[in-house]
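Okay, structure first, notes after.
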Number of protein chains: 2
Amino acid sequence: MNTLPHSRWLLSLVLLFSLLSTANSRENHLIPQPASMQLTDGRLAIDGSFHIGITGYDEPRLRSAATRFIHQLSLRTGIPMLDLVSRDPGAALVLQCAHAGENVQSLHADESYDLQTTSKQAIIKAATPVGILRGLATFMQLVELDGQSFGVPSVNIHDQPRFLWRGLMIDVSRRWIPADIIKRNLDAMAAVKLNVFHWHLTDDQGFRIESRKFPRLQQMGSDGNYYTQQEVRDIVAYAGERGIRVVPEIDMPGHSASWFLGYPQLASAAGPFSMERELGVRDAAMDPTREEVYRFIDEFIGEIADLLPDEYLHIGGDEVNGKQWAANPQIQAFMRAHGMKDHHDLQMYFNQRVLTILQKHGKKMIGWDEVLHPQLPKDIVVQSWRGQSSLAQAAKQGYMGILSTGYYLDLMEHASASYAVDPLSAETANLSKDEESKVLGGEACVWTENIDMQNFDSATWPRTAAIAERLWSPASVIDVDSMYRRLEDVSWQLQWLGLTHRVSSPMMLQRLAGDANPAALTAMDGVLEPINCDIRRRVHHYTYLTPLNRLVDATPPESSAAREFTSLAGNWSANEASLRRQLTLWRENRAQVLPLLQSSTLLQEAAPLADELASLANAGLEALDYLDRRQQPPADWINRQRSLLQEAGQPRAELLIAITPGVAKLVDAAAIAGK
Amino acid sequence: MNTLPHSRWLLSLVLLFSLLSTANSRENHLIPQPASMQLTDGRLAIDGSFHIGITGYDEPRLRSAATRFIHQLSLRTGIPMLDLVSRDPGAALVLQCAHAGENVQSLHADESYDLQTTSKQAIIKAATPVGILRGLATFMQLVELDGQSFGVPSVNIHDQPRFLWRGLMIDVSRRWIPADIIKRNLDAMAAVKLNVFHWHLTDDQGFRIESRKFPRLQQMGSDGNYYTQQEVRDIVAYAGERGIRVVPEIDMPGHSASWFLGYPQLASAAGPFSMERELGVRDAAMDPTREEVYRFIDEFIGEIADLLPDEYLHIGGDEVNGKQWAANPQIQAFMRAHGMKDHHDLQMYFNQRVLTILQKHGKKMIGWDEVLHPQLPKDIVVQSWRGQSSLAQAAKQGYMGILSTGYYLDLMEHASASYAVDPLSAETANLSKDEESKVLGGEACVWTENIDMQNFDSATWPRTAAIAERLWSPASVIDVDSMYRRLEDVSWQLQWLGLTHRVSSPMMLQRLAGDANPAALTAMDGVLEPINCDIRRRVHHYTYLTPLNRLVDATPPESSAAREFTSLAGNWSANEASLRRQLTLWRENRAQVLPLLQSSTLLQEAAPLADELASLANAGLEALDYLDRRQQPPADWINRQRSLLQEAGQPRAELLIAITPGVAKLVDAAAIAGK
C-alpha cells in the first residue's frame, strides 16, 4: 500500500476548495444581501489599533458581542488587536444602540440596522442590540484584503429582514449531535443572520434532553446521548448572545417511542419497548385517552418551560398513522363515546389538551402541517413540510406559518434549488397583504437519518447560507451565479468559526483509502453527488445503526467542479482547451482509481462509477472532435452516447456523476455539428 | 482573473503526486513504537457491537477513558457504537487494571501495559489506570481499514516508556493560546503518550492565570487574555483524565515584567510599567532584597498550589541579565552587605528563598539551566535549553534533568532533526548507570514569539509525535523513513481529535489570495519552508503586535513534497519521468503565481521566490537533459547552476525553497555525466 504524504493530502484538500473558488469582480461579498446598499468612494483600513466604541445604550450582551467581534476580526486578519471595547466615540467602529431589547427575544424583535462606513470610521445604528448584532455580521463580511491591506469599503447600508422567522432545524434525535457542534452551528447561523434555532430534541429514536422529574426519559431513551440541563442552559444563552431564539421541539403524540422505554404507561400499545432503530414513520403514539398522560406532559413542560424560555414550543404533531389507536379497544371506546370519527379527531382532542398545558406555562404552540385545525387560537404557527399550499390555507384562516418544503438539506439538493423556493410563491403568491403577513418565513431542516456528527457541517454549510439569503433579502435578489460566488466567500469565512464543512470529506475519503493515496479517489469524488436520501432509503436498508462510512457519506451535497464544467460546456467553443484538459484527466483517472476501489469492501460498490466517468469523459472528448471537424457524427454514435448518458443518469452506490448534464450538452452540440 | 485553468492545473498536479507515490510495506502504524511487539496471524474485526469490559480494578477515570475511547473509535470508523462500558469479561476489548494509581500522578507513575489482541478479543493489562490509558492509545493507532473492514491486527505488545518525563511546553504568555486549543493539544499529547504539559503561564509579555489575591496581576498584565481559576481547574482535570501531569511555570525573578504593572513594588527598577511588546531578553527583574517580594510570592504560590496540584512547580529562573540590579543602589548595598560577588549569587539567594516557599507549599522546584547550584536539594529538576552538557553536569552532581535543546518546535526544524536528538547522547552518552537515571527525559517546547492561535497546531503537529517517539521508544528506534511514514498516519488521526494542523495553512493561503484562486500560491508554498525564527528576528523587526499573516506565517515547518523530491532525485534514473513532470509544473507555476504575488502588499516580498523556483526547476530539467544524453555539460553551465543553487540557499521573505538540495543532486549528477 502507498503512504500518504502530507503534501499530497494538502493538495487534495486545496483542490476541493480551489474548485469551489471563483474570482470574479463583484460589488460585495455579503450573504444575505442587504435591503439597501450604496457603495461610495474610499475604504476604512483595519489595523492593530482597531477598536469598538459603544456610544448609545450599553449592556453586557453588546459588550460581549463587541469583544467577540474583535477577537474574530483579529483571527481572520492575523492582526493582533488588544484595544477592545470602550465608550470612545472616535473608535474605528462605533455601535449606537438606541435602547434595550426584549428580555427574551420574540418573533417581533427589531433586527433592522444602518451601517455607514467612511475612510475614517464605521457606525452601526440600531434600535436594539439584536440589530447591532446583525450589523456586526455585515461588517465582518465586508472585511477584505486588497492590494494595500485589510479594510472595508465605504458603504451606506439600510437593512432589515424580509421575514421575521429565519430558522435552522437540527434533528439531534435520529443521530446524536453533541453540544460543541450545535454551538459552532449557532456561530454560523449568526454569521448569515438566521434567528431561530429549532432544536428537534425528541423523536422515536432518542430523547435528548435531561429531565430531573422523569429521569428515565433520558436514561432509557437516549443511549446515554442527551444534553444535561446545564448544557441546555449554556446553548440557550449562547444562542441568545447571538440574537438567536431557541425553539425546542418535543414531539407528541407520535414520534414518541423513546418516551415509552422509561414510561410505558404513556403508550397506546403494550410494551415492552426497546430503542427504535428503524427509519420511517413508526406506529408508536401516546394514549390521548388517559389523564395520566396529560399530567405527565404538564409536569414535563413545566420543568422545561424556563429552561427553554422562547415564547414558542414545537409539539411536532406530524405523521401519526393511527394504527396503535385503532388496535386499542379502550381508545376505540373513548373515540366512540366522544363522537370522534377518525384518528384526526382524536389527535385534535389531544392537541387541544396539550395547548391548554402550554398556555398554562406561558407558551404558544407551533407544530407541523397536521396540527392545523380551525378550533385552535390564532397565535399558533404551522410549519409546512407539505408546501406553500398549507401555508396559503393557514393564512386564509388567519394562521401564521413558516415554510420548510424545499429547505430540507438532508435531501441533498443543490443550493440553487432551495434558493429558488420563496415562501411567497406558488399558492402563497397571491395572498392579500394581511394574509401575506401571516407567512412568517421559513426554516432549513437537517434530518439526520443519513447524517451524523462526521458530516453534519458539510451537509449544512454553506447551503444554509443560500436559504438565509432567501429569507432575509428582498424577493428581487435571485441571481444564482452571484449567490454561488458569495456562498464561496461565506464558506471560507465559516472555517474561521471552526466549522468543519470543508475538511470532513477529505478526512472521510482518506479513511476509505486506508494506507493508499486518496488523490485519485478525491478527483473522482469531486464530480460525484449523493442522490436524494429518500431514494437512498429505497435502494438500501438503513437503520440508525448503519455505519455512515461509505463513499456516498463522504461526498459533499454539491459538486462545484461539475457545475463549472456544465457552465463551460454551454459555451464549448470558447472553452474547448479547458474542457479537453478536464475531460482527459477524468478519463485517465480511471486507471488510477480502479485498483483502490477494488481493494476495499467499502469502495467496491463505486467501481462502476470509475468506468462510467471515463466513458462520459470519452464521449465528451469525441463530441469535441466532431465539433472541431464540423462533422456530423454517425447516427450510431449519437445513439450510443445518448444511451450512455441515460445509463449515467442512473445512480450507482447511491451516487450520481454530476458532469452528465455537461457531457450531454457537448453530445447535443455535436449531434447538430455540420448541419 | 479566471480561475478555471488553475483548478485544472492543480488537478493535474494532484494526479501527478498520485503517480509519484512510493509503496512501502511496514509492520505497524504505531508512533511511538512500543518497547516490544510481535505480530501474529489474524485480526480482530471492529463493528457496531464493539464494547469495553473493565474486569479488574475500576474507577471513574477508567470508565470515562473507556467511554471516550468508544466515542472516538465510532467517529474514526463511522460505525455507530452504542454498547459502551461494562464489566463483561467477554467484551471485544477488556481492560484489566490491577489497582488504583496515585491521587495526583507523579514523576514515577507506572505507565507500562501489555496489549494482546487475537481474532476474538483484545486485552490491555496494566498495574494502574495510566498504563491502561497508554494501552488504549496504542489500540486506537492499530485500527485500520483493510480489504474487509475495520479491525486491528493480532499483536502481542509489552510496552513501557524509556523516559519518565515526556513533555510539551506551551508558551501562552508571548501570544495568547485559549483553553480550547490547549485541550485539543492535550488530546493530541495523549495520543502519542506524552505525560507532562508544561504550561508557561507567566512571562514579561503576559500574566495568564487569574489570581484572586492579587487580581491586578491578570487585570493589568494580560490584555484581558488569561485563564480563570475555573479554566485552570478544568484543564488540570482534563489533562489528569488523560494521564498527563500539568507543570505550571511561574517565571521569577526575571521574565516577570507583566507582574509589575499591577504590583510595581516587586520590581528592581522604578516604574511606571507598561505591557512589554518587544521580543528578546528584557531587563525587568524582581527585587530579591525586599521581604515584601517573598511575602507576595508566598501568598501567590499558596493560592495556586492546590489549583495546580503537580509535585513540581517551574520557576523559570533563566536569562536574568542583572542590569536592573546593577543600577539599583539599594540592591548593590545588599549584595555588598551579604558578600555577593555578582548577580548570579543574588539570584541563587533568591532561588533559595523561593525554594523554601515552594517546600512550605509541598512543591519541588524545576527551573531552566541557570538554576543549577550545589546548594540546592537533590529533588530539583533542571530543564536544559543549553544542551546535553548541562544535563551531564547536573547528573554528575546528582541532579535530575530534562532536555529541551533540539526540541524547540518554534525553530522550525525538520522532524528528523529533533528525532536525532537523544537525551542520552553527546555529553550524556557516557554517564554511569546511576547518573543516567538522573536524565528523566525531555520536553518539546513551543515558544510563541512567531506563532499564534492561527498556526499553533501546525507548528506543533505532527512534529511533536517524532519527539514523543524519541522519549518513549527504545533508543534503537531510529529509522527516519519509517518515522516519517508513521508521522503521516498520526497526522491524519489527529484531525479526528479536532487538531487544525492541516487546515490552517490552506486557510491562511486563501486569506493571502483574497478573492483570487489560491491554487498556484499553494503549489509554490508546498515547496517552501520558513527559516529558523531566531534568524527571522534578525532580518525583520518583530514585536508582539506584529501581524502573523504573511506567507512565512502560513507556511508549515516542513515540506513533504520537497523531501520526496530530494529522495527521488537521489535515484534520478529510476524516477526521471516523475521528476520531469514535477519540475515542469514548478517551472510553469511562475506564470500562474506571479500576478497574484504582485497584486498584494502582503505577498510582494515573495515574488522573487517564484522566479527562483522556476530557475531551480529549469536547472533540474536541464540537468536531466545532460544526464539523458550522457553528455558532459560545459563548465560555464555548471558554474551558473552552482551559483544559482547558492543564491537559492539564501532566504527570501524569511522562506527557503526546499527543493534546492534535490536540484543540487541533479546538477551534481549532471556535472559528472559522460565522464
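Throughout, protein chains are lettered first and strands after them, A, B, ... in sequence-line order, and every chain is numbered starting at 1.
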- Sort B:W496 into side chain, backbone, both or neither according to what part of it lies under 4.5 angstrom from a heavy atom of chain A. both
- If one checks every heavy atom of B:T546 against chain A at 4.5 Å, the contacting part turns out to be backbone
- If one checks every heavy atom of B:Y544 against chain A at 4.5 Å, the contacting part turns out to be backbone
- Item | Heavy-atom pair with the smallest gap, counting every atom of B:I79 and A:N549 | CG1-ND2, 3.8 Å
- Heavy-atom contact with chain A under 4.5 Å, split by part of B:R76: backbone
- Task: Report yes if the side chains of B:M81 and A:D223 come closer than 4.5 Å at any heavy-atom pair, otherwise no.
- Result: no
- Minimum heavy-atom distance between B:P80 and A:P547, given as atom pair plus value: CD-CA, 3.5 Å
- Message: Could you walk me through whether A:L82 and B:R277 satisfy the side chain to side chain contact (heavy atoms under 4.5 Å, CB included) test, starting with their C-alpha distance in whole Å, then the side-chain angles of each, then the deciding distance to 0.1 Å, before giving a yes or no?
- Response: CA-CA 11 Å; A:L82 299 174; B:R277 307 299 186 198; 3.3 Å; yes
- Query: Side chain, backbone, both or neither: which part of A:D553 has a non-hydrogen atom closer than 4.5 Å to chain B?
  - Reply: neither
- Task: Report the C-alpha separation of A:L602 and B:F150 in whole Å, then their side-chain angles, then the decisive distance to 0.1 Å, and conclude whether the side chain to side chain contact (heavy atoms under 4.5 Å, CB included) test is met.
- Result: CA-CA 10 Å; A:L602 284 178; B:F150 289 95; 4.0 Å; yes
- Message: Please give me the minimum heavy-atom distance between A:L75 and B:R511, naming the atom from each residue.
- Response: O-NH1, 3.0 Å
- Query: Checking B:D47 against chain A: side chain, backbone, both or neither under 4.5 Å from a heavy atom?
  - Reply: neither
- Query: Checking heavy atoms, do the side chain of B:T77, its backbone, both or neither come under 4.5 Å from chain A?
  - Reply: backbone
- Intermediate values then yes/no, side chain to side chain contact (heavy atoms under 4.5 Å, CB included), B:Q495 and A:T500: CA-CA 11 Å; B:Q495 290 201 295; A:T500 64; over 6 Å; no
- CD on B:Q510 to OG on A:S491, rounded to 0.5 Å: 9.5 Å
- Distance-minimising heavy-atom pair for B:M507 and A:W492: O-NE1, 3.5 Å
- Message: Do A:N225 and B:H71 make a side-chain contact, defined as non-hydrogen atoms from C-beta onward lying under 4.5 Å apart?
- Response: yes
- Task: Hey, could you give me the OG/CG distance between A:S49 and B:L545, rounded to the nearest 0.5 Å?
- Result: 11.0 Å
- Do the non-hydrogen side-chain atoms of B:V503 and A:R502 ever get within less than 4.5 Å of each other? no
